[in-house]
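Working notes, structure below.
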Amino acid sequence: MDSSFLQLSRPLSVKSTFLNAIRKTSSIYSIPVGRNFQFQRHFKLESSKNGGRKTQRDSAFDEAAFEAERSRLDALAMKSMAEASVRDTEGALDDDPKAWKWVIRKRIWDFMESQNIAANPRPVHHRIPNFVGAMEAANRLCDLEVFRDSQCVKVNPDSPQKGVRLLTLMGGKKLLTPQPRLRTGFFSIVESGMLTSATIKEACTSVGVAKYGKPIGLDEKIKVDLIVIGSVAVDPRTGARLGKVQGFAELEYGMLRYMGAIDDSTPIVTSVHDCQLVDDIPVEKLLVHDVPVDIVCTPTQVILTNTKIPKPQGIYWDMLSPEKLSQVRILRELKRRIERETGKPLPCGPSEKLPPTAQRSSKPGRRASSKN
């Protein structure tokens, strides 16, 4: 067990956490890699045209179109989630999970913006919020034994985890990352050996993943040693966390369970600002598909949660709306496969209004994503 783990033995004081966070954090990405700089000696450089992965797809890649579509879809998604927050909280009952989760999210987003803890892209509302000190949190995460011993690390595509993605590649590890909102596909694997010093930073962005990553499918034989997940809020006493509402982290987790890439023993880590630590997420109100975390890394500390919250065992089809299913091609493929294998139709969840997502296109330049 790492000596840097902090185990909480008393209730978290949210007020003191906020104050300590403001005093102790420094600017994001302006610091050197620090203790993890030694990872660079494991980074294999290959001299090859266009960063070591020159394919027909890359030669036709239209980055300007990619970014224009990404910006359009993200703006629509932000608007849709803002509307959902109002719709889900007005007149809602106290035990409505959509309502109480929005209250906590809004408190965190508002605080980060008002205290200038938020980092670009801003405003951080309706996002996994980027924060001042994200690179320090990434350094702490990558100093963990579970990270050092990992060969393949799954990292979410959001901005605050960009440093983790970079250190994963610098450490010579395989980076498994999903397309944002699973818009255009499933997961891609990025391997450091296929990158150069000029392309490694780009490979940590969604554009870079599209250019240098290898897309995989449900039949890929892969073992994921560590999961890094983004959060809006997390309770370090219990490991309960809240995402930004769309539930893609839960879907990604469920699909990796189906593939046999992970199990209950696979550690789940989140990196957040200290002000995102809360003590008012009611565990008894969490849903069966909510993913808990085993470790929390902030710019100032590492916390072992000793979570007792059960980890999801797969996709819970009775909670998956027809709209979400229609948006995510890989989910439809998985559903058809399971129904074919079992000979029985899977259940379907209640309808919901969702933000728009990209349509698949035969032209790579029209594929949408989020450049972080």
Side-chain angles (χ1 to χ4, degrees), residues 43-44 46 48 50-63 65-67 69-70 73 128 150-159 161-196 199-230 248-249 251-262 327-331 333-334 357-372:
F43 178 49
K44 298 180 246 181
E46 289 188 2
S48 60
N50 195 28
R53 186 176 284 275
K54 181 69 174 177
T55 66
Q56 223 172 13
R57 183 174 69 118
D58 294 331
S59 63
F61 190 83
D62 187 340
E63 186 169 333
F66 192 103
E67 281 299 286
E69 180 72 348
R70 187 275 308 172
L73 287 166
I128 297 296
S150 297
Q151 299 300 311
C152 180
V153 183
K154 185 265 184 185
V155 187
N156 58 297
D158 301 283
S159 294
Q161 283 71 46
K162 184 176 181 180
V164 180
R165 296 193 295 275
L166 176 62
L167 293 175
T168 297
L169 292 174
M170 289 176 65
K173 304 176 188 299
K174 290 182 180 180
L175 170 65
L176 181 70
T177 190
Q179 287 293 323
R181 300 187 181 93
L182 297 176
R183 282 173 172 160
T184 58
F186 187 30
F187 288 95
S188 291
I189 295 177
V190 185
E191 299 193 44
S192 58
M194 302 303 294
L195 303 170
T196 71
T199 59
I200 186 171
K201 288 186 178 180
E202 184 184 20
C204 298
T205 70
S206 296
V207 168
V209 170
K211 290 171 70 173
Y212 308 117
K214 168 194 165 187
I216 66 170
L218 291 168
D219 293 321
E220 186 82 13
K221 300 302 180 185
I222 186 172
K223 180 180 183 297
V224 175
D225 302 303
L226 178 67
I227 294 174
V228 179
I229 191 171
F248 285 101
L251 292 176
E252 293 158 13
Y253 185 90
M255 285 186 280
L256 288 173
R257 288 293 295 245
Y258 172 84
M259 294 169 64
I262 60 174
Q327 282 190 351
V328 184
R329 177 190 58 81
I330 195 69
L331 275 178
E333 180 183 331
L334 177 58
T357 189
Q359 300 300 313
R360 289 184 62 81
S361 168
S362 58
K363 297 179 180 180
R366 302 303 301 171
R367 301 194 340 169
S369 191
S370 175
K371 187 172 183 179
N372 295 315

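All values reported here derive from a predicted model rather than from experimental measurement.
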Query raised in the report: Who are the salt bridge (Lys or Arg N to Asp or Glu O under 4.0 Å) partners of Lys223, not counting sequence neighbours?
Result: Asp225
Query raised in the report: Does any donor atom in the side chain of Tyr212 or Glu202 lie under 3.5 Å from an acceptor atom in the other side chain?
Result: yes
Query - Leu169 vs Val190 side-chain heavy atoms within contact, under 4.5 Å - result: yes
Report summary line: Taken in chain and number order and not counting sequence neighbours, the residues that satisfy salt bridge (Lys or Arg N to Asp or Glu O under 4.0 Å) with Glu333 are Arg329, Arg337
Query raised in the report: Say you draw a straight line from CG of Leu175 to SG of Cys204; how long is it, rounded to the nearest 0.5 Å?
Result: 7.0 Å
Query raised in the report: If every non-hydrogen atom of Gln161 is compared with every non-hydrogen atom of Gly230, which pair is closest and at what distance?
Result: OE1-CA, 3.9 Å
Query raised in the report: Say you draw a straight line from CD1 of Ile262 to CD of Glu252; how long is it, rounded to the nearest 0.5 Å?
Result: 10.0 Å
Report task. State the OG1-CZ distance between Thr205 and Arg165, to the nearest 0.5 angstrom. Result -> 8.0 Å
Query raised in the report: Does the side chain of Val153 reach to within under 4.5 Å of the side chain of Lys174, using non-hydrogen atoms?
Result: no
Query raised in the report: So, for Ser192 and Gly172, which heavy atoms are closest and what is the spacing to 0.1 Å?
Result: OG-CA, 3.3 Å
Query raised in the report: Looking at Lys214 and Glu220, does any basic side-chain N land under 4.0 Å from a carboxylate oxygen?
Result: yes
Query - Distance (rounded to the nearest 0.5 Å) between Leu256 CG and Phe186 CZ - result: 5.5 Å
Report summary line: Closest heavy-atom pair, Pro215 versus Ser188, reported as atoms and distance to 0.1 Å, is CA-OG, 3.8 Å
Query raised in the report: What distance do Leu226 atom CG and Lys154 atom NZ have between them, rounded to the nearest 0.5 Å?
Result: 10.5 Å
Query raised in the report: Going by heavy atoms in the side chains, are Val155 and Leu176 under 4.5 Å from each other?
Result: no
Query raised in the report: Is Val328 close to Phe248 at the side-chain level, that is, under 4.5 Å between some pair of heavy atoms?
Result: yes
Report summary line: d(Thr177 OG1, Ile189 CD1) to nearest 0.5 Å is 11.0 Å
Requested in this report: Give a yes or no on whether the backbone of Leu195 and the side-chain of Thr199 come within a donor-acceptor separation of less than 3.5 Å.
Outcome: no
